[in-house]
There are 2 protein chains.
Amino acid sequence: MSSATGQARELDLRELKRVCSNCSLKELCVPMGLNRGEVERLDKVVEASRSLHNGDHLFRKGDPMRSIYAVRSGTFKSYVINRDGEEQVIGFHLPGELVGLDAIHPDHHQCSVMALDTASACIMPFSQLSELAASIPGLQRQIMRLLSKEISSMVPRAADTTAEERMSGFLLDLSRRLGERGYSTSDLRLSMPRKDVANYLRLATETVSRVLRRFQDEGWIEVDRRDIRIVDSTALKSMVKGDDGEAQ
Amino acid sequence: MSSATGQARELDLRELKRVCSNCSLKELCVPMGLNRGEVERLDKVVEASRSLHNGDHLFRKGDPMRSIYAVRSGTFKSYVINRDGEEQVIGFHLPGELVGLDAIHPDHHQCSVMALDTASACIMPFSQLSELAASIPGLQRQIMRLLSKEISSMVPRAADTTAEERMSGFLLDLSRRLGERGYSTSDLRLSMPRKDVANYLRLATETVSRVLRRFQDEGWIEVDRRDIRIVDSTALKSMVKGDDGEAQ
DNA sequence: CGGCACTTTGAGATTATTCAAGATAGGTGG
DNA sequence: CCACCTATCTTGAATAATCTCAAAGTGCCG
């Protein structure tokens, strides 16, 4: 979804549709029925990052907030360093997902975001997005929706307390998110080491390893290093106590 | 900040300033330098809830999202019911804080919000706020900031893993938030039972009780039922591993 | 003065962590 | 191509933390 130079606009729009069809940024335009001119104006402010590799940073904590990012390929992790100098993994970001939304408020990034493998991102300068939102009806509301969605998405994780609950919650969450972007929901390739999974789930690395083995022994998953096949998602779901989805 | 009938507008603005001086909703107008007419337009869409009592709901999960709420007095808790039919406390909401921001995205509330004592809230109909945002420069951006702030606020809690870390983190967070609204940072009155604190921190009620006792034995706090005095906040701070606040 | 909800305390069971050691895969240089 | 090296991952045993179950203490309200 790189910005075009002007000619062959029609082609660009087709390319845009292909690459972005599974991207969260598309929610900024498509569903609100923006017209052709509005989509083009929006597209013009989006650029692509260079290719990043394992360990490269998209941005670091404290950097001034200039853009909203959408993962284009690969996986990222966001983290902060705590008072003891230890890393605290906050989340993982899959293709099509947005990153950096927490930084609008203080104008500076609140966490660092690092590539876990070969990865790239789309960059949407926030000031321009902000200006556009003021002039394109519906865009403003869509941005608010995206932010709100981000808030709601943090709720379910809080519910799981035991190692097995957290682990199955993690696998199911990953599976669902991959599915939403058109990937397999049963064959997952973890792009992060066990250490990062453990850190994210607030468990010891050894515990992650043991829980995965337990799940495998039960016949719920098949583990081959970082490849995980979900065999019995129903069993995994019965582990997590997450929100029942019903109104109360 | 109740809507006036028209006359004595000057008085209303003074009353508005008094009641709302510590309120998060004020960030929607004051800092962006809205002019007098804009503030009045904003004020006109805000109304106050009736008085609520312990156990009353501000809204329930699944309710259509019509408004953003700001706690005016008292305390609220937000929660969901999990698949086992157990309550999961998501958070507590103090005077001046916003509630319901997670519901913009799916148009329905994602959790239930209940009063813990005698409480009331300001109600800002979202459709009208949305319309105003389209016509008042800066308001749109302020709303985004509030949403973004909400996202960042969920990060630090994730870091604490042990019961003592969570408990001191909870006390310090409460102390800070009360301080931000002009209350004492050392003398806290918990308006929620131990059970809710425990649930929120994902601990057993007994563990909460024991950790509080341990803190008291160390001379860090004084506990008298739901009144807690923070004697040595430095000691408490040394317990939590939260984000170091520095750029990386 | 009960009754009731909340809170505290104790003892044993469970769960997860830490420490220590071994296994495995991927990359590197000979 | 193979041996080696290092990261990562797994496994085991002992330790520590938290939970569960059970019971007793406390304050509040009718």
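Every chain is numbered from 1, with letters handed out A, B, ... down the list of sequences. Model, not experiment: these values are computed from the prediction.
- Rounded to a whole Å, the CZ atom of B:Arg189 is 15 Å from the P atom of D:dG27.
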Worksheet entry | Pair pattern of DNA chain C in dot-bracket, where unpaired bases get dots and | marks partners in another strand, Watson-Crick or G-U under 3.5 angstrom | |||||||||||||||||||||.|.||||||
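- Sorted by first and then second residue, the salt bridge (charged side-chain N to carboxylate O under 4.0 Å, His left out) pairs with a member in residues 211-223 of chain B read B:Glu164-B:Arg214, B:Arg213-B:Asp217; sequence neighbours excluded.
- Between B:Glu165 and A:Arg202 no salt bridge is recorded (no basic side-chain N to carboxylate O distance below 4.0 Å).
- Rounded to whole Å, the distance from CZ on A:Arg194 to P on C:dT24 is 15 Å.
- Here side-chain hydrogen bond (donor to acceptor under 3.5 Å, both in side chains) pairs that include residues 229-238 of chain A, with residues two or more places apart or in two chains, are A:Asp187-A:Arg229.
- Of the residues in residues 204-227 of chain A, those with a non-hydrogen atom less than 4.0 angstrom from any atom of DNA chain C are A:Ala204, A:Glu206, A:Thr207, A:Arg210, A:Arg225.
- Glycosidic torsion of D:dA24 falls outside 90° of 0, placing the base in anti.
- For the pair B:Glu86 CD and D:dC19 P, the interatomic distance rounds to 13 Å; values are reported in whole Å.
- More than 12 heavy atoms of other shown residues, nucleotides or ligands fall within 6.0 angstrom of atom CZ in A:Arg226.
- Taking CG of B:Leu171 as the start and OG of B:Ser186 as the end, the distance is 12.5 Å to the nearest 0.5 Å.
- Taking the side chain to side chain contact (heavy atoms under 4.5 Å, CB included) definition, one finds that B:Thr118 meets it with B:Ser51, B:His53, sequence neighbours left out.
- Rounded to whole Å, atom P of C:dA25 lies 17 Å from atom CG of A:Leu190.
- One atom, CD of B:Glu165, and another, C1' of D:dA16, lie 14 Å apart when rounded to the nearest Å.
- Annotation: B:Arg177, atom CZ; neighbour count of heavy atoms from other residues, nucleotides and ligands within 6.0 Å is above 12.
- When each of B:Leu174, B:Leu178, B:Asp173 is tested with B:Arg176 by the rule side chain to side chain contact (heavy atoms under 4.5 Å, CB included), just one qualifies, namely B:Asp173.
- Ring-centre distance between A:Phe76 and A:Tyr69: not below the 6.0 Å cut-off.
- Between A:Phe215 and A:Trp220, the two ring planes are tilted [angle within 30° to 60°].
- A:Ile228 has its CD1 atom 12 Å from the C1' atom of D:dC9, to the nearest Å.
- When only modelled atom types and interatomic distance are considered, B:His93 and B:Ser78 share a side-chain donor-acceptor pair under 3.5 Å.
- Within residues 195-203 of chain B, the residues having any heavy atom under 4.0 Å from DNA chain D are, by residue number, B:Arg202, B:Leu203.
- A straight line from CD of A:Glu164 to C1' of D:dT18 spans 16 Å, rounded to a whole angstrom.
- The nearest whole Å value for the distance from the CE atom in B:Met167 to the C1' atom in C:dT7 is 13 Å.
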